[in-house]
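Structure first, then comments.
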Number of protein chains: 2
Amino acid sequence: MANSQFAMAVHVLTMLADNCDERVKSSYLAKSVNTNAVVIRRLLSDLHDAGLVVSRTGYSGGTCLTKDPEDINLLEIYRAVSHGEVFSLHRQKPDKDCPVGKNIESVLCNLQKEIDSAIGERLGRYTLRDIISMVRRGEEVFA
Amino acid sequence: MANSQFAMAVHVLTMLADNCDERVKSSYLAKSVNTNAVVIRRLLSDLHDAGLVVSRTGYSGGTCLTKDPEDINLLEIYRAVSHGEVFSLHRQKPDKDCPVGKNIESVLCNLQKEIDSAIGERLGRYTLRDIISMVRRGEEVFA
DNA sequence: CATAAGTGTAACAAGAATAGTTACAATATG
DNA sequence: CATATTGTAACTATTCTTGTTACACTTATG
């Protein structure tokens, strides 16, 4: 199944950035993302582990960013929620008796790293502040 | 489940490049990749659609490359087998009544395109010939 | 021309990952 | 104490990829 955690994470963090002054509830985020509040809380748990948000339980609980939106870049978000790589290596180990099978994995593994770093470089260019600006510009454009 | 089509495709095409002079059988490829021959034939079908290989049925049938290895770059291979993007957008459409929900998708969609083009740029740097060289170098190193 | 060795592909089962749902303990406010 | 909220476990549902079986069709060869 397609993994939409990064999309949801950016969405959620943008909402939090847009409500820096208050604790935002998972049910509120869930409504905007159009999913279940538990799904949001699981996502927030990962973002918390990455040090991006902090939550409070109980009455008037909710979640806030730990930093200013301009200090959170998309690479951090990507790293916080994405397990795995751009493309996967072989599911079953190739045949070591074949000259190609024997070495193809390490070649692909290096390639994987190179692609990942290219993605990281690109994602690192944008902060949550940029996303907010783009979202707001979109609002004007399509209003 | 993790998608390993690109890894398998590079593996298979490398094998074909290593055996340019003969028609290679799906069972032979399957043994090196360590999977079922039908899985290989399905993959070859995609590669055929992309114009990278040509097959022949019947007795002494099999598959060959359509071009020299130096004329096939990794981006073509990636495009031939990968459906979908680096990260997925929302599974359910976000709430259009929320200012963020309303616009976040188009922002993420543009980001998706930008990341994809970064990947494409990087993959375009390498040809199948480069992969063969790397595989061979690996052979010497670990022999 | 019969047989053997292939590909192409459909149909289905198996496996794995993501997301959705329910339930409930723990926690904080008033 | 009553209420609202998070955190998380457990289970189900959905979706995607891979593996397997089966078989029609194609080609070379004796």
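- Following rounding to the nearest Å, B:F6 (CZ) and D:dT18 (P) show an atom-to-atom distance of 14 Å.
- Annotation for A:R23: atom CZ counts as buried by contact number, over 12 foreign heavy atoms lying within 6.0 Å.
- In the helix from C:dC1-D:dG30 to C:dG30-D:dC1, the terminal helix axes, each the rotation mapping four pairs' C1' atoms onto the next four within five end pairs, subtend 10°, rounded to 10°.
- Other residues, nucleotides and ligands contribute more than 12 heavy atoms inside 6.0 Å of the CZ atom of A:R125.
- If you take CG of B:L47 and P of C:dT9, they are 13 Å apart, rounded to a whole angstrom.
- A close approach under 4.0 Å does occur between a side-chain nitrogen or oxygen of B:S4 and OP1 or OP2 of D:dT18.
- Between the CE atom of B:M8 and the C1' atom of D:dG19 there is a distance of 11 Å, rounded to whole Å.
- Comparing A:S55 and A:A2 along DNA chain D, the residue whose closest nucleotide (by nearest heavy atom) sits nearer the 5' end is A:S55.
- Minimum heavy-atom separation, A:K96 to A:G101: NZ-O, 4.3 Å.
- In this view, B:K25 satisfies the salt bridge (Lys or Arg N to Asp or Glu O under 4.0 Å) rule with no residue, not counting sequence neighbours.
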Exercise answer: donor-acceptor pairs, residues 110-119 of chain B side-chain atoms, under 3.5 Å, sequence neighbours excluded:
from: B:N110; atom 1: ND2; to: B:S106; atom 2: O; distance (Å): 3.4
from: B:Q112; atom 1: NE2; to: B:F87; atom 2: O; distance (Å): 2.7
from: B:E114; atom 1: OE1; to: A:Y126; atom 2: OH; distance (Å): 2.7
from: B:E114; atom 1: OE2; to: A:R122; atom 2: NH1; distance (Å): 3.4
from: B:E114; atom 1: OE2; to: A:Y126; atom 2: OH; distance (Å): 2.6
from: B:S117; atom 1: OG; to: B:E114; atom 2: O; distance (Å): 3.1

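- Between A:I72 and A:T127 there is no side-chain heavy-atom pair separated by less than 4.5 Å.
- B:Q5 has a side-chain polar atom (N or O) that falls below the 4.0 Å cut-off from OP1 or OP2 of D:dT18.
- Note on B:T63: nothing from the nucleic acid sits closer than 4.0 angstrom, heavy atoms only.
- Side chains of B:L65 and B:K67 form no contact here, defined as non-hydrogen atoms less than 4.5 Å apart.
- One interatomic measurement links the two molecules: CG of A:L44 to P of D:dT6, which rounds to 9 Å at whole-angstrom precision.
- Remark: C1' of D:dT26 and NZ of B:K25 are 14 Å apart, rounded to the nearest angstrom.
- For A:E105, the side-chain hydrogen bond (donor to acceptor under 3.5 Å, both in side chains) criterion is met by A:K93, not counting sequence neighbours.
- Whole-Å rounding puts the B:R91 CZ to D:dT15 C1' distance at 7 Å.
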Counting only pairs under 3.5 Å, give me each side-chain donor-acceptor contact of residues 37-63 of chain A, with atom names and distances, residues two or more places apart or in other chains.
from: A:R41; atom 1: NH1; to: A:S26; atom 2: OG; distance (Å): 3.1
from: A:S55; atom 1: OG; to: A:T63; atom 2: OG1; distance (Å): 2.8

Could you encode protein contacts along nucleotides 21-30 of chain C as a string, one character per nucleotide from 5' to 3', using B for base contact, S for sugar-phosphate-only contact and - for no contact, with a heavy-atom cut-off of under 4.0 Å?
BBB---BBB-
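- Here C:dG8 presents its C1' atom at 13 Å from CG of B:D46, a figure rounded to the nearest Å.
- D:dT6 atom C1' lies 12 Å from atom NE2 of A:H48, rounded to whole Å.
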